[in-house]
K.L.:
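Below is one structure. I have some questions about it.
In what follows, residues are counted from 1 in the order of the sequence shown.
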Amino acid sequence: MQTLTNGRRLVCITNYIFVTGSAESHYGDGVVAAALASALATRGVDVVAVKIDHYLNLDAGSLDCNVYGECYVTADGCEADRCLGIYERMTGIKASQRHHITAGRILQKVINDERRGSFFGTAVSTSEHVVDEYKQRILSIGESENRQCVVVEVGGNVRSIDSAAAIAAVKAICDDMPERCICVACACHVEQYLREMGIEALITLAQEPCEGAMCLPYDGCIYSLPHLMEQSGLLNKVLGKMGIRAASGSSAWLPLVKVMTEADDEIKVALVGKYDDARHSYLSLCEALRINAAHCGKRLALNYLPSTSFYGSGNSIDDALSEADAVVVATGDGAFGTEGYISALQWCREHNKVTLGIGLGMQCMAIEFARNVLGMQDATSAEISARSAHCVVAECDEQKRMAFMPELKRLGDYPTLVLDFDSHARRAYGNALITERHRHRYEFDAKKYGEEFAQAGMTITGINPQSQLPDIIEIDALRWYVGVSYMPECGLRAPDPHPLLKSFLFEVAKHDR
């Protein structure tokens with residue numbers, strides 16, 4: 001391990017690996033960055049992964065999931081790109097706001113500095129000040145976190161004008177310390193473009209013949225890539241360039257990969273969501289279900305059902321959900337598609353189907369119960385219609401006073417106190433106090449409706465200990481019918497099952513034995 005002594009502190013000499021790609025890359029640059037970071041971590045290298053996005057939004061919180069994919073939430077409440085979820089699942093390293101660099105944040109910092117007079121009257125330029133800010137952001141991660149290696153995914157298309165400043169920063173860093181920088185191109189044409197920019201790629205990946213490229217027989221299971229990088233010699237090439245003598249190691253989830261891809265037994269899960277493409281809009285949830293099914297010794301058979309398909313005939317709901325072993329009703333924003341959620345949940349409750357509601361899915365559990373069990377025909381959420389006499393889901397008082405978009409939501413890690421010792425949640429977690437990630441603005445109005453719901457059979461089994469806001473609801477009379485306000489798929493590491501998701505899937509698996 002290369003180190004320098006700084007007073008009494010032992011400081012690592014940080015190496016930087018830049019992963020670049022384009023829309024035509026055969027390997028997703030996010031997958032490559034995550035797999036490479038995972039492979040290094042397996043060999044004992046202290047590594048962290050970072051994502052650069054070129055949009056001018058400050059974060060991914062306001063982006064359309066149908067277009068840009070899911071919004072991933074970090075422990076410190078950053079609404080980030082979905083690649084940070086891949087990093088966390090594959091490396092076990094807790095991502096934070098500093099690990100998601102956007103052009104919006106870069107420009108905001110440069111402009112704020114200019115307003116404070118930091119540039120002493122100099123004309124602010126992209127080629128100097130913006131590029132320098134990118135450099136400082138990247139280098140500060142390795143220095144402040146004292147890492148041996150920082151893997152930086154330069155998102156988007158390397159040929160795009162939007163990525164020009166970030167690529168220029170990469171070139172500047174490589175020019176300043178070439179012995180500590182490695183560039184990885186995810187396609188041959190990307191390597192050619194980098195060469196034109198004066199950046200030499202150490203490794204080029206391709207799935208088709210290309211001179212000087214390394215071919216990995218990627219089978220579509222991203223969790224097999226770290227092992228393939230080890231077997232192909234790619235990892236040793238990277239370690240050799242960095243001058244790191246790493247310990248030998250093997251991927252902790254290779255047995256899981258075997259179950260994911262080869263297990264004869266499967267669990268059929270119907271995922272009800274609001275958006276067009278589950279693998280795009282609900283990536284972390286799909287992967288979390290896949291991982292936890294493997295921990296139950298089963299292969300996941302996922303059937304994605306857009307909630308709009310449940311409008312109209314009840315027969316379509318029965319046909320879609322009756323073949324599933326379990327149903328997940330996912331999170332989402334806005335009124336669109338919520339009536340489909342409610343129809344699906346009514347069917348699940350009436351047919352005693354193993355069901356998990358997440359975020360909006362939990363909220364719609366409460367709305368459906370109010371309408372069809374308590375007789376509140378106009379029950380709804382304030383997000384859908386604030387004029388309803390029965391807004392069983394509403395904003396809490398603290399949120400109403402907030403002015404800016406992120407402040408309107410509960411974001412990031414929050415504690416939950418699991419109240420009922422005999423609840424599904426308590427049996428799953430085994431602890432009374434847990435921590436989970438949140439991303440939502442509206443809450444089940446327990447102060448107004450909690451007692452009435454409990455008397456009818458839907459109880460609150462988990463609350464936030466500070467605000468008393470409900471986080472978990474259940475119907476004890478049913479086999480497994482649980483709703484959670486948080487996102488159990490966030491923060492998951494592949495070798496470690498999530499207690500609630502494993503309990504949910506194991507409820508099905510144990511009856512198949």
K.L.:
Might you work through the side chain to side chain donor-acceptor pair (under 3.5 Å) test for His280 and Arg82, ending with a clear yes or no?
P.N.:
CA-CA 9 Å; His280 194 57; Arg82 59 184 176 166; 3.1 Å; yes
K.L.:
About how many Å separate CD1 of Ile52 and OG1 of Thr20, when rounded to the nearest 0.5 Å?
P.N.:
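Interatomic distance, Thr20 OG1 to Ile52 CD1, rounded to 0.5 Å: 11.0 Å.
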K.L.:
Would you say that His390 contacts Thr380 through its side chain, given a criterion of any heavy-atom pair below 4.5 Å between the two side chains?
P.N.:
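They are not in side-chain contact.
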K.L.:
Out of the candidates Cys65, Cys71, Cys286, only one should pair with Ser281 under the side chain to side chain contact (heavy atoms under 4.5 Å, CB included) rule; please name it.
P.N.:
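Answer to the side chain to side chain contact (heavy atoms under 4.5 Å, CB included) test with Ser281 among Cys65, Cys71, Cys286: Cys65.
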K.L.:
Evaluate the side-chain contact (heavy atoms from CB on, under 4.5 Å) criterion for residues His438 and Met487: first the C-alpha distance (whole Å), next the side-chain angles of each, then the deciding distance (0.1 Å), finally the verdict.
P.N.:
CA-CA 6 Å; His438 292 247; Met487 304 168 71; over 6 Å; no
K.L.:
Pair His189, Ser22 - check side chain to side chain donor-acceptor pair (under 3.5 Å), show working.
P.N.:
CA-CA 9 Å; His189 67 273; Ser22 73; 2.7 Å; yes
K.L.:
Scan residues 482-505 for pairs that pass side chain to side chain donor-acceptor pair (under 3.5 Å), counting only residues two or more places apart or in two chains.
P.N.:
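Residue pairs with at least one partner in residues 482-505: Tyr429-Tyr486, Glu436-His498, Asp471-Ser485, Trp480-Ser503.
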K.L.:
Just so I know, are the side chains of Leu305 and Phe310 near enough to count as touching, which here means a heavy-atom distance under 4.5 Å?
P.N.:
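Yes, side chains in contact.
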K.L.:
Inspect the contact between Arg437 and Asp413 and indicate whether a charged nitrogen and a carboxylate oxygen are less than 4.0 angstrom apart.
P.N.:
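Judged by the 4.0 Å cut-off on N to carboxylate O distance, Asp413 and Arg437 do form a salt bridge.
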K.L.:
To the closest 0.5 Å, what do you measure between CG (Asn66) and CG (Leu63)?
P.N.:
12.0 Å
K.L.:
What's the separation between atom CG in Leu300 and atom CG in Leu505, rounded to the nearest 0.5 Å?
P.N.:
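If we round to the nearest 0.5 Å, Leu300:CG and Leu505:CG are 7.5 Å apart.
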K.L.:
Looking only at heavy atoms, what is the nearest atom pair of Ala389 and Tyr449, with distance?
P.N.:
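Answer, listing the atom of Ala389 first, then Tyr449: O-OH, 3.7 Å.
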K.L.:
Donor-acceptor pair, Ser38 side chain versus Pro226 backbone, under 3.5 Å?
P.N.:
no
K.L.:
Counting distance only, does the side-chain N/O of Lys268 pair as donor-acceptor with the main-chain N or O of Asn303 below 3.5 Å?
P.N.:
no
K.L.:
With the side chain counted from C-beta on, respond yes when Gln97 and Arg105 share a heavy-atom pair under 4.5 Å apart, and no when they do not.
P.N.:
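Answer yes - side chains close enough.
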K.L.:
When you look at Glu474 and Tyr481, which way does the side-chain contact (heavy atoms from CB on, under 4.5 Å) test go after all the steps?
P.N.:
CA-CA 6 Å; Glu474 302 185 22; Tyr481 192 87; over 6 Å; no
K.L.:
Quick test of your reading of the model: are Lys94 and Glu88 salt-bridged, counting only N-O distances below 4.0 Å?
P.N.:
no
K.L.:
What is the minimum heavy-atom distance between Val130 and Ala165, and which atoms define it?
P.N.:
CG1-CB, 4.1 Å
K.L.:
For the salt bridge (Lys or Arg N to Asp or Glu O under 4.0 Å) test, which of Asp422, Asp420, Asp476 pairs with Arg427?
P.N.:
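Checked Asp422, Asp420, Asp476 against Arg427; only one passes salt bridge (Lys or Arg N to Asp or Glu O under 4.0 Å): Asp422.
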K.L.:
Step through the shown structure and confirm whether more than 12 heavy atoms of other residues, nucleotides or ligands are within 6.0 Å of CD1 on Ile161.
P.N.:
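No, the 6.0 Å shell around CD1 holds no more than 12 heavy atoms from other groups.
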K.L.:
Please report the interatomic distance CG(Leu374) to CD(Gln377), rounded to the nearest 0.5 Å.
P.N.:
10.5 Å
K.L.:
Do the side chain of Thr74 and the main chain of Cys78 share a donor and acceptor less than 3.5 angstrom apart?
P.N.:
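Judged by distance alone, yes, a pair lies under 3.5 Å.
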K.L.:
Tell me whether the rings of Trp347 and His351 are parallel (<30°), tilted (30 to 60°) or perpendicular (>60°).
P.N.:
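Plane angle under 30°, so parallel.
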K.L.:
If we count only N and O atoms by modelled type, under 3.5 Å, do the side chains of Ser284 and Glu70 hold a donor and an acceptor together?
P.N.:
yes
K.L.:
Given side chains that start at C-beta, do those of Val392 and Gln363 come closer than 4.5 Å, heavy atoms only?
P.N.:
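No, too far: nothing below the 4.5 Å cut-off.
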K.L.:
With a 3.5 Å distance limit and no angle check, can you tell me whether Thr338 reaches the backbone of Ala335 through a side-chain donor-acceptor pair?
P.N.:
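Side chain of Thr338 to backbone of Ala335: a pair is present.
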K.L.:
Taking only Lys NZ, Arg NE, NH1 and NH2, and the carboxylate oxygens of Asp or Glu, determine whether Glu287 and Arg290 approach each other closer than 4.0 Å.
P.N.:
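Arg290 and Glu287: salt-bridged.
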K.L.:
Let's go through Arg441 and Glu395 carefully: what are the C-alpha distance in whole Å and the side-chain angles of both, what is the deciding distance for salt bridge (charged side-chain N to carboxylate O under 4.0 Å, His left out) to 0.1 Å, and is it a yes or a no?
P.N.:
CA-CA 7 Å; Arg441 173 179 177 182; Glu395 287 180 288; 2.8 Å; yes
K.L.:
Would you say the side-chain atoms of Tyr87 and Glu153 include a donor-acceptor pair closer than 3.5 Å?
P.N.:
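Per modelled atom types, Tyr87 and Glu153 side chains form a pair under 3.5 Å.
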K.L.:
Would you name the heavy atoms of Leu501 and Ala288 that are closest together and state the gap between them?
P.N.:
CD1-CB, 3.7 Å
K.L.:
Rounded to the nearest 0.5 Å, what separates atom NE2 in His227 from atom CG in Leu254?
P.N.:
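One finds 5.5 Å between NE2 of His227 and CG of Leu254.
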K.L.:
Is the distance from the ring center of Phe444 to that of Phe453 below 6.0 Å?
P.N.:
yes
K.L.:
Quick test of your reading of the model: are Arg98 and Asp76 salt-bridged, counting only N-O distances below 4.0 Å?
P.N.:
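Not counted as a salt bridge, because no side-chain N and carboxylate O are separated by less than 4.0 Å.
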K.L.:
If you take all heavy atoms of Ala394 and Cys391, which pair is closest and at what distance?
P.N.:
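Heavy atoms of Ala394 and Cys391 come nearest at CB-O, 4.3 Å.
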K.L.:
Decide yes or no on side-chain contact (heavy atoms from CB on, under 4.5 Å) for Asp162 and Asn157, but give the supporting numbers first.
P.N.:
CA-CA 8 Å; Asp162 294 324; Asn157 191 335; over 6 Å; no
K.L.:
Using a 3.5 Å distance criterion without hydrogens, assess whether the side chain of Glu383 forms a donor-acceptor pair with backbone atoms of Gly334.
P.N.:
yes
K.L.:
Return the minimal non-hydrogen interatomic distance between Gly273 and Ala330, and the atom names on each side.
P.N.:
CA-CB, 4.5 Å
K.L.:
Taking the side chain as C-beta and beyond, is there a heavy-atom pair between Glu368 and Arg371 under 4.5 Å?
P.N.:
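Glu368 vs Arg371: side chains apart.
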K.L.:
With a distance cut-off below 6.0 Å to the six-membered ring centre and an angular limit of 45° from the axis, does Arg410 pair with Tyr414 as a cation-pi contact?
P.N.:
yes
K.L.:
Using side-chain heavy atoms (C-beta onward) and a distance below 4.5 Å, is Phe504 in contact with Val328?
P.N.:
yes
K.L.:
For the residue pair His100 and Asp81, confirm or rule out a side-chain donor-acceptor distance under 3.5 Å.
P.N.:
no
K.L.:
Is any side-chain heavy atom of Leu356 closer than 4.5 Å to one of Leu500?
P.N.:
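Leu500 reaches Leu356 side chain to side chain.
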K.L.:
Would Arg137 and Lys109 satisfy side-chain contact (heavy atoms from CB on, under 4.5 Å), going step by step from the backbone distance to the final call?
P.N.:
CA-CA 11 Å; Arg137 288 288 178 104; Lys109 174 64 164 54; 3.6 Å; yes
K.L.:
Does the side chain of Val47 reach to within under 4.5 Å of the side chain of Val151, using non-hydrogen atoms?
P.N.:
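Contact flag for Val47/Val151 side chains = yes.
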K.L.:
Is a side-chain N or O of Ser343 found less than 3.5 angstrom from the main chain of Gly340, in a donor-acceptor match?
P.N.:
no
K.L.:
As an exercise, state the distance from CD1 of Ile472 to CG of Asn464, rounded to the nearest 0.5 Å.
P.N.:
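If I round to the nearest 0.5 Å, the distance is 11.5 Å.
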K.L.:
Could you tell me whether Lys447 and Asp445 make a salt bridge, using a distance below 4.0 angstrom between a side-chain N and a carboxylate O?
P.N.:
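Asp445 and Lys447: not salt-bridged.
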K.L.:
So does Thr331 get a backbone contact from the side chain of Tyr341, meaning a donor-acceptor N/O pair under 3.5 Å?
P.N.:
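Judged by distance alone, yes, a pair lies under 3.5 Å.
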K.L.:
Which heavy atom in Lys353 sits nearest to a heavy atom in Asp325, and how many Å separate them?
P.N.:
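Looks like CD-O, 3.9 Å.
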K.L.:
Would you check if the side chain of Thr459 reaches a backbone N or O of Thr461 as a donor-acceptor pair within less than 3.5 Å?
P.N.:
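Flag not set: sc Thr459 to bb Thr461 has no pair under 3.5 Å.
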K.L.:
Should the heavy atoms of other residues, nucleotides or ligands under 6.0 Å from CD of Glu323 be counted, would the total exceed 12?
P.N.:
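No.
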K.L.:
Around atom OH of Tyr55, are there more than 12 heavy atoms from other residues, nucleotides or ligands closer than 6.0 Å?
P.N.:
yes
K.L.:
Is the closest basic N to carboxylate O distance between Lys409 and Glu79 below 4.0 Å?
P.N.:
yes
K.L.:
Tell me whether Lys274 contacts the main-chain N or O of Phe336 through its side chain, where contact means a donor paired with an acceptor under 3.5 Å.
P.N.:
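Yes: the side chain of Lys274 pairs with the backbone of Phe336.
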